[in-house]
Asker: 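Can you keep this structure in mind? I'll have questions shortly.
Since the structure is predicted, the reported quantities are computational estimates derived from the model, not experimental observations. Lettering of chains follows the sequences in order, A, B, ..., and the numbering in each one begins at 1. Below, each value reflects all heavy atoms present in this structure, side chains not excepted, and no hydrogens, waters or symmetry copies.
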Amino acid sequence: MTISWTDYSSTGFYDELLTDSGNPRKSSRKLLNYIKTLNDGDVASRKHAAELTIKEMGVTFTVYTEEGNIDRAWPFDIVPRIIDKKQWDKTAEGLKQRLQALNMFIDDLYHDQKIIKDGIIPEFILKQSKNYRKECEGVSPPFGVWAHICGTDLVRDKDGEFYVLEDNLRVPSGVSYMLENRSIMKRIFPEVFEKMDVAPVGDYPARLFDTLRALSPRKIKKPVIVLLTPGIFNSAYFEHAFLAQQMGAELVEGSDLVVQDDDRVYMKTINGLERVDVIYRRIDDLFLDPEVFRKDSVLGVKGLMRAWKSGNVALANVPGAGVADDKVVYAYVPEVIKYYLDQDPIINNVETFLCHDEVQQKHVLQNLDKLVVKPANESGGYGMLIGPHSTKKERDEFTRLIKANPRNYIAQPTLALSTAPTLVGKNTLEPRHLDLRPFVLQSKDSYVTTGGLTRVAMRKGSLVVNSSQGGGSKDTWIVDTDGESK
Amino acid sequence: MLSKVAERVYWTARYLERVESTARIVSIYDKLLFDLPRDVNLTWFNLVIINDLESDYLSRYTVQDERNVVKFLLGDDTNPSSIVSSLHHLRENVRTTRDVVLEETWELVNELNMYVHENIQHGINRSKRHEFLEFIIKGCQQILGLLYGNMPHDSAWDFLRLGRNLERADMTTRNLDAGIAAIIELEGDESAINSRQIIWGTVLRSLNADQSYRRNTRSAVRGELVVEYLLKNMESPRALAHCLDALCDTSEKLPGSKSLLTHLNKIQLKVSKYNVEENLNGEFRNYLNDLQIKLASVHRLIAETWFPHV
């Protein structure tokens, strides 16, 4: 073995592949034994092969810079992250439970608001929510489901348990990278898949397609399903094209669609106009329809909301679903699950302090240097204060921000995010922090991806996993160890 | 099929053809100059002229030598028709039509694009130019082969076929024009007395039609026969009559193609009725020029019929 493990130590954190005493976990034993057989040349050539594969497959993400948009090759680490199947199965149940409750919650908010009347959630949270869409009140989408596609960020703490860090109910992205990571791994480490019982991930596009098809207002054999993208300049365009291709759906931009006087949506084809049944939209709510939302939007389709309200087209996710991925609402999700399902949450939240509560706010302001403060409605890791890494000036700024708009901020303890061995330089494995984004589907049926997208903070000690900020990724393996000797 | 996707697929085919034919013509021209007597004065700049790129070229280069011309045709990303530009457009079109073209097309295009960017210097310097251009030609043929063997014959296929055949028809007229231009340029040049045959042979080779020409005509390479063959032969995939026939055949399958078909039929007639004279001269150039204008209208009609930008 020439990979250097000598200095590998992840003290104080849960490591995905190794126990505290430095031995392989049961689920990772075969992989680590295999890695031992690789010499320097093997590692270098596999790593090179991975990079080349990524370029050939054209797996990129877009970074916005001052010089314009740059397509960067997808950053990928060749050492996979492994989760035992038993633990995963339980987690998957928890994710389904959570999305089911969240959908009942959203549906309630746009109808009778019982949960507010019953005093579980204070009314002002809804009143001040940026993602509540008054225009959607009273509408009943099929199956009572508003968020059909959800990307839930999970983290593992010191104790090895999964916690939900946030729910993404608007236009979550990353699933294509999960699928591509697996294709890359199969190409560069085919022999490992022969030896190990790694659960496949490839059925996601088919499940997504079924989820969308179930929403079609026309009960016909081949409803027309389209993926609505903002276009090639969007950072997730690669994913939009990928999913459309994998599902056999049409990839459309706003300018390809038109709503006619009959309140139906049509796409412009070489045969003239063709009716559209289901739109998987990857455009934010506010850009969807200039008739209702932002008047200056050129990405959307005029009259789209009219068509949706008339029940002539299905939108996934439904506009306004984002009301439930507000980080203040997040803090109430355990109560939401209990209220609608009368069950205890299978996966817990990370401890969260709400700044609109005076006592909690005081605690937050006194402990800014230890906490992570997040704005309620941002994504992509922007606008955050990471206490332990912050300067006095930044903390003062956040004190001012929190006091000015307490409802817009939450705080959480700095998590001891789990680590996994990651290839650094030529042949050294070092622990790097990571999280996990599984994708959950719900319409007629529910589905959870097998694992999800593992994102890694490539810099030593860093907790920021976002690809726009230097994060990378790993293939995620759900491994069945049942029937294996101890 | 979405109009916008149809348009991008059509351009995918055109750029793919353009990459291949540019690689081919540079590679053949290289050999042509070896074959001609040393004191014959045929310039590389002809390659710029036949592609109607003089003004683009002259705005960037003053010297019209081999190095500049080759650089302009292969690696200059400010030349909209250079290989790197065409590949860029090709890749963008495939990227935005991944839902309708075959999955592997995307990977092959990426591979080709990477190769060209990493080895562009080999194309500009002479010693490895042949190898470089061969790789590009093979890369294009690989993509074309993939599509031929595996693509369902749906509307996307029809638009690929439209793009391919129109680009080929256009290229064939340009190659013929290059041939006649070179012949005229060398008229009266004593040492170029045997050059005619070499030039027409080159035209045939750059359209990959030399072998089929020999089998079909059973005759040595002679200007009027080459022209007759490249204009009127129905079997040779780059002969004008064949391309026009394929354009008609494909258009008929697509909705609303009536006015396009009428126009195509007129061009077919213009080709089949043309009397190729033994003494090819400036009059033939005018004829070719007229054909090119008519082919440009074919594009305009295709766009009006299927790619309306409303």
Asker: Hey, which of A:Gln245, A:Met57, A:Lys55 has the most heavy atom pairs under 4.5 Å with chain B?
Answerer: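 Looking at each of A:Gln245, A:Met57, A:Lys55 in turn, A:Gln245 comes out on top.
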Asker: Side chain, backbone, both or neither: which part of B:Leu254 has a heavy atom under 4.5 Å from chain A?
Answerer: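 Looking at B:Leu254, just its side chain touches chain A.
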Asker: Which distance, rounded to the nearest 0.5 Å, do you find between the CG of A:Leu52 and the CG of B:Asn110?
Answerer: 10.5 Å
Asker: Please round to the nearest 0.5 Å and tell me the distance separating atom CH2 of B:Trp306 and atom CG of A:Asn271.
Answerer: 10.5 Å
Asker: For B:Glu167, which residues count as a side-chain hydrogen bond (donor to acceptor under 3.5 Å, both in side chains) partner, sequence neighbours excluded?
Answerer: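 Partners of B:Glu167 under the side-chain hydrogen bond (donor to acceptor under 3.5 Å, both in side chains) test: B:Arg14, B:Arg18.
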Asker: Between B:Glu103 and chain A, with a heavy-atom cut-off of 4.5 Å, which part of the residue counts as in contact: side chain, backbone, both or neither?
Answerer: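 It is both, since atoms from each part get that close.
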Asker: Would you say NZ of B:Lys71 has more than 12 non-hydrogen atoms from neighbouring residues, nucleotides or ligands within 6.0 angstrom?
Answerer: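 Atom NZ in B:Lys71 is not crowded, with 12 or fewer foreign heavy atoms closer than 6.0 Å.
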Asker: Inspect the contact between B:Arg98 and A:Glu250 and indicate whether a charged nitrogen and a carboxylate oxygen are less than 4.0 angstrom apart.
Answerer: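 No.
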Asker: Give a yes or no on this: more than 12 heavy atoms of other residues, nucleotides or ligands lie within 6.0 Å of atom NE2 of A:His48.
Answerer: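 Not more than 12 within 6.0 Å, no.
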Asker: Looking only at heavy atoms, what is the nearest atom pair of A:Ile270 and B:Ser3, with distance?
Answerer: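 Nearest heavy atoms, A:Ile270 then B:Ser3: N-OG, 3.7 Å.
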Asker: Take a 6.0 Å sphere around NZ of A:Lys222 and say whether it holds more than 12 heavy atoms from other residues, nucleotides or ligands.
Answerer: no
Asker: For A:Lys186, what residues pass the side-chain contact (heavy atoms from CB on, under 4.5 Å) criterion, not counting sequence neighbours?
Answerer: A:Arg182, A:Phe193
Asker: Sort A:Tyr237 into side chain, backbone, both or neither according to what part of it lies under 4.5 angstrom from a heavy atom of chain B.
Answerer: side chain
Asker: Which of these passes side chain to side chain contact (heavy atoms under 4.5 Å, CB included) with B:Asp99: A:Leu251, A:Leu227, A:Val252, A:Val226?
Answerer: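 Only one option passes, and that is A:Leu251.
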Asker: Could you tell me which portion of A:Gln246 (side chain, backbone, both or neither) has an atom closer than 4.5 angstrom to a non-hydrogen atom of chain B?
Answerer: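 Only the side chain of A:Gln246 comes within 4.5 Å of chain B.
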Asker: Does atom NZ of B:Lys253 have more than 12 heavy-atom neighbours from other groups under 6.0 Å away?
Answerer: yes
Asker: Side chain, backbone, both or neither: which part of B:Met1 has a heavy atom under 4.5 Å from chain A?
Answerer: both
Asker: Given heavy-atom pairs under 4.5 angstrom as the criterion, report whether the side chain, backbone, both or neither of B:Thr97 touches chain A.
Answerer: neither
Asker: Please examine the side chains of A:Ile232 and B:Arg95, heavy atoms only from C-beta on, and report whether any two atoms are closer than 4.5 Å.
Answerer: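 SC-SC contact between B:Arg95 and A:Ile232 confirmed.
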Asker: How far does CD of B:Glu111 sit from CD of A:Glu56, to the nearest 0.5 angstrom?
Answerer: 4.0 Å
